[in-house]
Protein chains: 2
Amino acid sequence: MIARHDTKTRILDAAEKLFGEKGFDGTSLRDITREADVNLAAVNYHFQSKESLIEAVILRSAGPVNDRRLAMLEAAGPKATVEQIVEAFVGPVLEYDFQPMAPLMARVLSSPEVMQRVFKQHIETLSRRFADAIAEAVPELSPSERMWRLHFTAGAMAHTVTRAPVMRDLFGGILDIKDRQQLIARLVRFAAAGFRAPGGY
Amino acid sequence: MIARHDTKTRILDAAEKLFGEKGFDGTSLRDITREADVNLAAVNYHFQSKESLIEAVILRSAGPVNDRRLAMLEAAGPKATVEQIVEAFVGPVLEYDFQPMAPLMARVLSSPEVMQRVFKQHIETLSRRFADAIAEAVPELSPSERMWRLHFTAGAMAHTVTRAPVMRDLFGGILDIKDRQQLIARLVRFAAAGFRAPGGY
DNA sequence: GTCTATAACGGGATAGAC
DNA sequence: GTCTATCCCGTTATAGAC
């Protein structure tokens, strides 16, 4: 008899689900081990602490997404348009909406402490890469204006992920893949126009 | 001998400060009563529970801000420009940045549970008022595109408030957070251009 | 209204058998 | 690697003196 997953993976899966549903503080190790059907002590054996578990869960989910963002940016080449850059920035994040990890990402995006702890240098390099690309596409922007507009775009994206359930209610149905692509197109239109707005030199 | 504030106000002040610093879950009633220099039992006497205290703190802070947003919208009149509408939407929120309540508002904006519990109908009516104004200023937008662009703007605004400390830390050299009026102008430029972006009819 | 004291509970973490 | 049992702490909330 071989279990579908080993204990460590079962813990990660359960934690990902519950952190997304109830937040990091709102989820106890007892909740997680019950959901994963493993022993309480297994968490502190495989991970050293709850804090380390949180980091492990986040990195397993967010790593591939950020890799994909950078890959799309590279694929667009050195002469990328603003639309291509924005799509590389927001597309991979929004595409993962409605996947199992989506609620977790929403939690991460809205938790200052966790963001700060886990992503400090990761976000720093990623922002710089995209800021450089924007500098090529919209050279007339001052460095700080460019950074702020990238920041506004990140906010619009994060807000869309974190408030997805509410928006789903507003539009009275479950969004399928087609709607997701349309949503990305909407955000790209909005943010690209924002980057091209006059002023802020 | 008359105390500067009564017990109830001291609790509210301390809670506002600590909730902003450490979050709602991260702040215990013991933390609050220690900071306020009142007895632990006073919280449950004046407020019935921690949850009620959270609501009271939020409403005391956020009420005036939302009132001001609606007042600015009305002051702009029926022929308001997109810039005026966006400024009414984001200005009062960002103006309160660096005031004592700012960290608290950031916490509220990044807690789905609290947002849902405290603001459900409040936000609904406010969104509708601003969506109507946008419909006047940019009539060619479809209702759903209009809603999404307002949502993106709210995200950019929320992200700016919630990430202000982190941004200061990460990009303190590039981003000048000090000038609030300039920051509002930047966001107004960005979002107004986004609302005027072609497509999405 | 405000205090002290404590109840009742759940949390993270760990020791030690297997 | 996995289990049971437990420690120790902090939490919200309340009872009852003043």
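Source: prediction; values computed, not measured. Quick note on labels: first sequence line is chain A, next is B, and so on, each numbered from 1.
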Can you tell me which nucleotide in dT12(D), dA13(C), dT2(C) comes closest to the side chain of Y45(B)?
dT2(C)
Salt-bridge contact E35(B)-R30(B) (side-chain N to carboxylate O under 4.0 Å):
no
Under 4.0 Å between a Lys/Arg side-chain N and an Asp/Glu carboxylate O for R129(B) and E74(B)?
yes
Does E95(B) pair with R68(B) as a salt bridge, N-O distance under 4.0 Å?
yes
Mark yes or no: K50(A) above the aromatic ring of F24(A), with NZ or CZ under 6.0 Å from the six-membered ring centre and no more than 45 degrees from the axis.
no
Please report the distance, rounded to the nearest Å, between CZ in R10(B) and C1' in dG1(C).
13 Å
What residues from residues 20-39 of chain A pass a heavy-atom cutoff of under 4.0 Å to DNA chain D?
N39(A)
I'd like to know if D25(A) pairs up with R107(A) as an ion pair, taking the criterion as any Lys NZ or Arg NE/NH1/NH2 lying under 4.0 Å from an Asp or Glu carboxylate oxygen.
no
To the nearest angstrom, how far is E51(A) atom CD from dG11(C) atom P?
18 Å
Quick check on DNA chain C: between A41(B) and K50(A), whose nearest nucleotide comes earlier from the 5' end?
A41(B)
Could E136(A) and K79(A) be called an ion pair, given the rule that one side-chain N must be under 4.0 Å from one carboxylate O?
no
Does dT2(D) have its OP1 or OP2 closer than 4.0 Å to a side-chain nitrogen or oxygen of T7(A)?
yes
Taken to the nearest whole Å, CG/N44(A) to P/dA5(D) is 18 Å
In whole angstrom, what separates L40(B)'s CG from dT12(D)'s P?
8 Å
Starting from C1' on dG12(C), measure out to CG on L53(A) and report it in whole angstrom.
12 Å
